[in-house]
Amino acid sequence: MPRDSARATASPALGLTMQPAVATLPTLEVRVPVPELGAWRAGNTGIEGVWTFAAPEPGPHLMLTALVHGNEVTGALLLLRWLREGIRPRRGALTFCFANLAAFDRFDPADPAASRFLDEDLNRVWATELLAGGRRSAELDRARALLPALRRADVLLDLHSMLWPSDALMIAGPGAASRDLGRALGTPPVVVADEGHAAGLRVIDHAHFAGGARALLLEAGPHWQPETLAQMERTAAALLRRLGLAEEGAALPPAETLPPGRLARVTRTVTAQSADFAFLRAFRGGEVIPRRNTLIALDGEAELRTPHDDCLLVMPSPRAMRGHTAVRLARFEA
């Protein structure tokens, strides 16, 4: 079945004729300004794009990363604002990191999806053996350069946005401590625990965060939208306060009293096995399918059905290529 065909497919189990949805790209409108790094590009740590500020009083070291994907510029706008407004830690240390600068340099609002990376995804190269090996790429070289800063962090918040329609969510790094921290923030209200991607380890999966340090990845909303920037700031401010790093009177969003986030654990990561993967309709990330065994997609001739009741769809990708993650299915645990 070609990607953009609309061939009807029979589903014997339901006795119905099902029509795969045609996946069309969302409107790629850049509604936020392009970050101007200027003098902030240099950093103050000896690593380009990395700034660290330490307070006299001891405390945790929080690292905020943006531009792990060079076209996800909204996080960079938040870091720039906080740098300019003098957001500094009351105790401990605070690091701001502009990660994939080389890819960001190619960002063009007229073609905003084109500069995600140069050679390979910077968020798939964080396996220890890969970083210690001899293979070279723009992203591997940059990851190696960032490693010293990463290893100093007690807590990481990695700022991301999304191409396909989805509610904001948090993805926790390894271990209960990361999951608990994400839930304690309450914004966004869903924290996902997963086993990562078959294609490689993310920043939050690095071995440093399996040994006591905590890591969170925020998927804050659609690319290049003001509401996504607002979600990033709410979450980052809540984390500063949770860690006791926020200075009195700092220019942060008002503190919120929120219920703990819900924890959803991924029960199945669906990788497209053919070039003909297609959802039956346009599902939104964060949608909950009430009944188990509900048919939601076709992968060539194979059917994809929900494995349990109240199945959370985590970031479905209606144009998943063969060998890439199409959707993660999750069950709420709390």
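Linking Ile, Leu, Val, Met, Phe, Trp and Tyr whenever their side-chain heavy atoms come within less than 4.5 Å leaves M63 and M170 in two separate clusters. Both V125 and I204 are assigned to one and the same hydrophobic cluster, defined by single-linkage of ILVMFWY side chains at heavy-atom distances under 4.5 Å. Residues W164 and V30 share a hydrophobic cluster, clusters being chains of Ile/Leu/Val/Met/Phe/Trp/Tyr side chains in contact below 4.5 Å. The hydrophobic cluster containing W82 also contains L62, counting ILVMFWY residues as joined when their side-chain heavy atoms lie under 4.5 angstrom apart, directly or transitively. Hydrophobic clustering, with ILVMFWY side chains joined whenever heavy atoms are under 4.5 angstrom apart, groups L122 together with L140.
Contact check for L258 versus R234: no side-chain heavy atoms found under the 4.5 Å cut-off. Looking only at side-chain heavy atoms (C-beta outward), F98 and F104 stay at 4.5 Å or farther from each other. Inter-residue side-chain proximity for E139 and V68 is flagged as unmet; no heavy-atom pair is nearer than 4.5 Å. Residues R202 and R124 have side chains in contact (heavy-atom distance under 4.5 Å, counting atoms from C-beta outward). Side-chain contact between M315 and L169 is present, with heavy atoms from C-beta onward closer than 4.5 Å. Considering only heavy atoms from C-beta on, V192 stays 4.5 Å or farther from E219 through its side chain. Looking only at side-chain heavy atoms (C-beta outward), F96 and L78 stay at 4.5 Å or farther from each other. When side chains are defined from C-beta on, L218 counts as touching M232, because their heavy atoms get closer than 4.5 Å.
A distance of 8.0 Å separates OG1 in T74 from CD in Q225, rounded to the nearest 0.5 Å. For the atom pair CG (L146) and CZ (R151), the distance works out to 11.5 Å, reported to the nearest 0.5 Å. Rounding to the nearest 0.5 Å gives a distance of 11.5 Å between CD1 of I87 and CG of L245. Note that CG of D121 is 5.0 Å distant from CZ of R116, once rounded to the nearest 0.5 Å. A distance of 6.0 Å separates CG in L229 from CG in L77, rounded to the nearest 0.5 Å. How far CG of L64 is from CG of L79: 6.0 Å, rounded to the nearest 0.5 Å.
With hydrogens and angles ignored, the 3.5 Å screen pairs a side-chain donor or acceptor of D299 with a backbone N or O of S274. Distance alone, capped at 3.5 Å, is enough to place a donor-acceptor pair between the T228 side chain and the P222 backbone. Between the side chain of N44 and the backbone N or O of T52, at least one donor-acceptor pair lies under 3.5 Å. For the pair T306 (side chain) and R291 (backbone), a donor-acceptor distance under 3.5 Å is present. Side-chain atoms of E72 come within 3.5 Å of backbone atoms of S161 as a donor-acceptor pair (strictly under, hydrogens ignored). Side-chain atoms of R322 come within 3.5 Å of backbone N or O of Q273 as a donor-acceptor pair. The closest donor-acceptor contact from the side chain of N100 to the backbone of L67 lies at 3.5 Å or more, if one exists at all. Of the possible polar contacts, one joining the N123 side chain to the V203 backbone as a donor-acceptor pair under 3.5 Å is found. For W126 (side chain) and D205 (main-chain N/O), no donor-acceptor pair under 3.5 Å exists by modelled atom type. A distance-only check finds a donor-acceptor pair linking the side chain of R91 to the backbone of L243 [under 3.5 Å].
For the 3.5 Å distance criterion, the side chains of H61 and T95 qualify, holding a donor opposite an acceptor. Between H308 and T267, the side chains place a donor N or O and an acceptor N or O closer than 3.5 Å (distance only, hydrogens not considered).
The pair D141-R144 meets the salt-bridge criterion, with a side-chain N (NZ, NE, NH1 or NH2) lying under 4.0 Å from an Asp/Glu carboxylate O. Under 4.0 Å is where a charged nitrogen must lie from a carboxylate oxygen, and between R31 and E227 at least one such pair does. Using a cut-off of 4.0 Å between Lys/Arg side-chain N and Asp/Glu carboxylate O, E57 and R90 are scored as salt-bridged.
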Q: Begin with the C-alpha distance, continue with both residues' side-chain angles, and end with the deciding distance and a verdict on salt bridge (charged side-chain N to carboxylate O under 4.0 Å, His left out) for R135 and D119.
A: CA-CA 12 Å; R135 187 165 71 78; D119 298 327; over 6 Å; no
Q: Decide side-chain contact (heavy atoms from CB on, under 4.5 Å) for V155 and L157; before the verdict, give the C-alpha distance in whole Å, the side-chain angles of both, and the deciding distance to 0.1 Å.
A: CA-CA 7 Å; V155 179; L157 178 62; 5.9 Å; no
Q: Walk me through it: do F332 and V288 pass the test side-chain contact (heavy atoms from CB on, under 4.5 Å)?
A: CA-CA 10 Å; F332 286 106; V288 177; 3.9 Å; yes
Q: List the steps and the verdict of salt bridge (charged side-chain N to carboxylate O under 4.0 Å, His left out) for E287 and R281.
A: CA-CA 12 Å; E287 190 170 343; R281 64 173 175 83; 2.3 Å; yes
Q: Mind running side-chain contact (heavy atoms from CB on, under 4.5 Å) on T187 and Q231 for me, showing each step along the way?
A: CA-CA 8 Å; T187 179; Q231 177 64 65; 2.8 Å; yes
Q) What do the steps show when you test D180 against R214 for side-chain contact (heavy atoms from CB on, under 4.5 Å), and what is the final call? A) CA-CA 10 Å; D180 292 346; R214 295 170 285 176; over 6 Å; no
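Heavy atoms only, all atoms of each residue included: E120 and S137 are closest at OE2-OG, 2.5 Å. Of all non-hydrogen atoms in V191 and A172, the two that sit nearest each other are CG1-CB, 4.1 Å. Residues A320 and T325 approach most closely at CB-O, 3.9 Å, considering heavy atoms. Summarising the geometry of L216 relative to S178, their closest heavy-atom pair is CD2-O, 3.4 Å, with the distance given to 0.1 Å. Scanning both residues, G286 and D167, for their nearest heavy atoms gives CA-OD2, 4.1 Å. Considering all non-hydrogen atoms of both residues, L329 and P307 come closest at CD1-CD, 3.6 Å.
Within a 6.0 Å sphere centred on CD of E195, heavy atoms belonging to other residues, nucleotides or ligands number 12 at most. In the displayed structure, R41 atom CZ is contacted under 6.0 Å by more than 12 heavy atoms of other residues, nucleotides or ligands. Counted within 6.0 Å of CZ on R242, heavy atoms from surrounding residues, nucleotides or ligands total 12 or fewer; the atom is thus considered open.
Between F279 and F277, the ring planes lie perpendicular to each other; the angle is over 60°, past the 30° to 60° tilted range. Using bins of under 30°, 30° to 60° and over 60° for the plane-to-plane angle, the ring pair H206/H208 lands in the tilted bin.
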